[in-house]
Amino acid sequence: MPNVRLPVHSSARLSIVACALVVALLSAALVCVEPPASSACPVTITNPLRVRYMESALVAVVRVGDSVAVERRGVVSVVDTALRITSLLKGEEKEKVVNLRHFKPELADWSLPIKYEKDEVLLLFLKRAENGDEYMTIDGERAALKLSEEDLKVYVRRIEELAAIMRSAEPDDAAIAEWLVRCAEEPATRWEGASELAYNVSLPEDPPDAEDNAEEETEEAEASTDDPVAGDDPQQESEAEAESEGGGSSSPEATAGAGENVNAGLIVGVDIAPRDTTVSAPEVNYAALLTPAQKERLTTALLNAEEFELGEQLLLVLVNSWKDERLVPFTLKHLARMADKPPYEAEIMMRIVAHALGDQTLIKFVVNYRKTVTYHDLYGDDPANAPAYEEDPEATPEQRAADRKEFEEMKVAAAEALFQRSGKLRHFLALADQPQKP
């Protein structure tokens, strides 16, 4: 078989299962105990800063020292790494140097966000290992952060503020809400605050009849758009839509059902973004505690954002719940920037604009977009994940020909997916520029 790496976005469930498999393997490598067959596989949960702080026995800024491989267990090596604490933010550790036990995958296709290279500075959220003498990172992908010097300063300030709040026997919910606002105001910690604030906020619901004739009305709206769309090729777009109608459905992460009151934390974290960003439910609806002044601060932070990452996406969903009229031109500006390569998040942004304008034509357009587009060209955050082909020298000529054909079909599907989404997003922008009557 050729070396063809499949897109990580091909299914939200696939992404979660793959993550669960890695976690299960790494856990087994440590404890050497297989779970009962009936038990569910663990799934790594990415909790926000406040929750990670509470779950940790030790939170510290450290400088990485020497690493020593302890043993090989299956497909991973167990490694001990010395950490010199430069700033202790939580915990009662008296030693200046502590030992971290972690794992290093021995498979070339596996990679970890943090490699614990000597002399690099990290912000770590740690728990005691079972032997009590060493530490391990808590569960979740944000348990070890490699940050710029400026971003690290922001994190340290927020953690020190949180520590002061949590020293109270009964931490004040309003104080936590204010702390979350300060997190969301800073680009470095925007996701940390917005993920909790937006958790209980829902996306606008499509009307019950939104899917009725959505495709036909969308095609009529596209045909009635006077402005020509750069790069349109009716024949190619027709072929792409025919493929979709013929059974090629859009990926699950982009198909939240119309009419559903979808939780923002879930749809942005799992259904749309091909990342492990699931957030556990906060015990308090902090968004409900926000004052008008705090809402204005969050709105200002969003409107001043130049980049549009996951934190901004969550903040957009939150601010949209306040019906601020400034949101539509802001969102359209960022959608226009995405027109050449529309990401997963574009669908949510289009949905927000359509509902903010109260435009039934646009709402049905977005329903159609969600039903018909595909994402074969997207491979997560790392371009290295794009399909690669290496001919298998041991394969038969027939098998090599079949492998080459499969690879070429993947490339064609990727090109068609990008062309289709780009064309539809440009049509949406043209329609939004001359909104129809509801």
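- In this structure, the side chains of E309 and W191 stay at 4.5 Å or more apart for every pair of heavy atoms.
- Listed by chain and number, the residues in a side-chain contact (heavy atoms from CB on, under 4.5 Å) with A163 are Y53, R167 (sequence neighbours excluded).
- Evaluation of the salt bridge (Lys or Arg N to Asp or Glu O under 4.0 Å) rule for R63 yields no partner, not counting sequence neighbours.
- Side-chain atoms of S422 never come within 3.5 Å of backbone atoms of F419 as a donor-acceptor pair (strictly under, hydrogens ignored).
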T361/K364 under side chain to side chain contact (heavy atoms under 4.5 Å, CB included): CA gap, chis, key distance, verdict:
CA-CA 5 Å; T361 300; K364 291 176 181 178; over 6 Å; no
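- Panel note: side chain R52, backbone N47; a donor-acceptor pair is recorded below 3.5 Å.
- Looking only at side-chain heavy atoms (C-beta outward), F103 and V79 stay at 4.5 Å or farther from each other.
- For R297, the salt bridge (Lys or Arg N to Asp or Glu O under 4.0 Å) criterion is met by E178, E185, not counting sequence neighbours.
- Side chain of T81 to backbone of S67: no donor-acceptor contact under 3.5 angstrom is found.
- Ion pair R182/E186 not flagged as a salt bridge, since none of the NZ, NE, NH1 or NH2 atoms sits closer than 4.0 Å to an Asp/Glu carboxylate oxygen.
- Between K127 and D139 there is a salt bridge, since a side-chain N of the basic residue sits under 4.0 Å from a carboxylate O of the acidic one.
- E196 places no side-chain N or O within donor-acceptor distance of the main-chain N or O of G193, the cut-off being under 3.5 Å.
- In terms of modelled atom types and a separation under 3.5 Å, the side chain of S168 and the main chain of E170 share a donor-acceptor contact.
- Under the salt bridge (Lys or Arg N to Asp or Glu O under 4.0 Å) rule, R50 has a single partner from E192, E283, E161, which is E283.
- Applying the side-chain contact (heavy atoms from CB on, under 4.5 Å) criterion to I165, with sequence neighbours excluded, gives P171, A175, I176, W179.
- For the pair V61/L122, no side-chain contact is recorded, criterion being any heavy-atom separation below 4.5 Å from C-beta on.
- Taking the side chain as every heavy atom from C-beta outward, L88 and L58 approach each other to under 4.5 Å.
- In this structure, D377 pairs ionically with R421, as a charged nitrogen and a carboxylate oxygen lie closer than 4.0 Å.
- Enclosure of atom NZ in K341 is not indicated, since only 12 or fewer non-hydrogen atoms of other residues, nucleotides or ligands lie within 6.0 angstrom.
- Counting heavy atoms from C-beta outward, F428 and L335 have side chains that approach closer than 4.5 Å.
- The side-chain contact (heavy atoms from CB on, under 4.5 Å) test applied to A356 returns V328, not counting sequence neighbours.
- Expressed to the nearest 0.5 Å, how far NE2 of H355 lies from CD of E205 amounts to 9.0 Å.
- S56 is linked by a side-chain contact (heavy atoms from CB on, under 4.5 Å) to V59, F125, I138, counting only residues two or more places apart in sequence or in another chain.
- Side-chain contact between L316 and L302 is present, with at least one heavy-atom pair separated by less than 4.5 Å.
- Within the 4.5 Å cutoff, no side-chain heavy atoms of I159 are placed close to those of V156.
- With contacts defined as side-chain heavy-atom distances shorter than 4.5 Å, the pair T372/K424 qualifies.
- A donor-acceptor contact shorter than 3.5 Å links the side chain of E120 to the backbone of Y116.
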